[in-house]
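Before any comments, here is the structure.
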Amino acid sequence: MAKKSQAGTDIQKVRQQNAKSSKGQYGTEFAAETDAQQVKKQNQQSETKKQKNS
């Protein structure tokens, strides 16, 4: 039988969910939608603008 907290929460299930979320599921999800080359290009343009303005 699964351990339950006083509130009736399945402790083992919560631990499993926490372990999943800490493994970076979200990080990889967003990384798949990010074009690394585009980001690098934008960062470089931003740096160039900063240098011109200072």
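Computed from a prediction, not measured in an experiment: that's the story for all the values here. Along the sequence shown, residues carry numbers from 1.
The side chain to side chain contact (heavy atoms under 4.5 Å, CB included) test applied to Lys50 returns Ser46, Glu47, not counting sequence neighbours. For the side chain to side chain contact (heavy atoms under 4.5 Å, CB included) test, residues two or more places apart in sequence or in another chain that qualify with Lys13 are Asp10, Gln17.
In the displayed structure, Gln44 atom CD is contacted under 6.0 Å by at most 12 heavy atoms of other residues, nucleotides or ligands.
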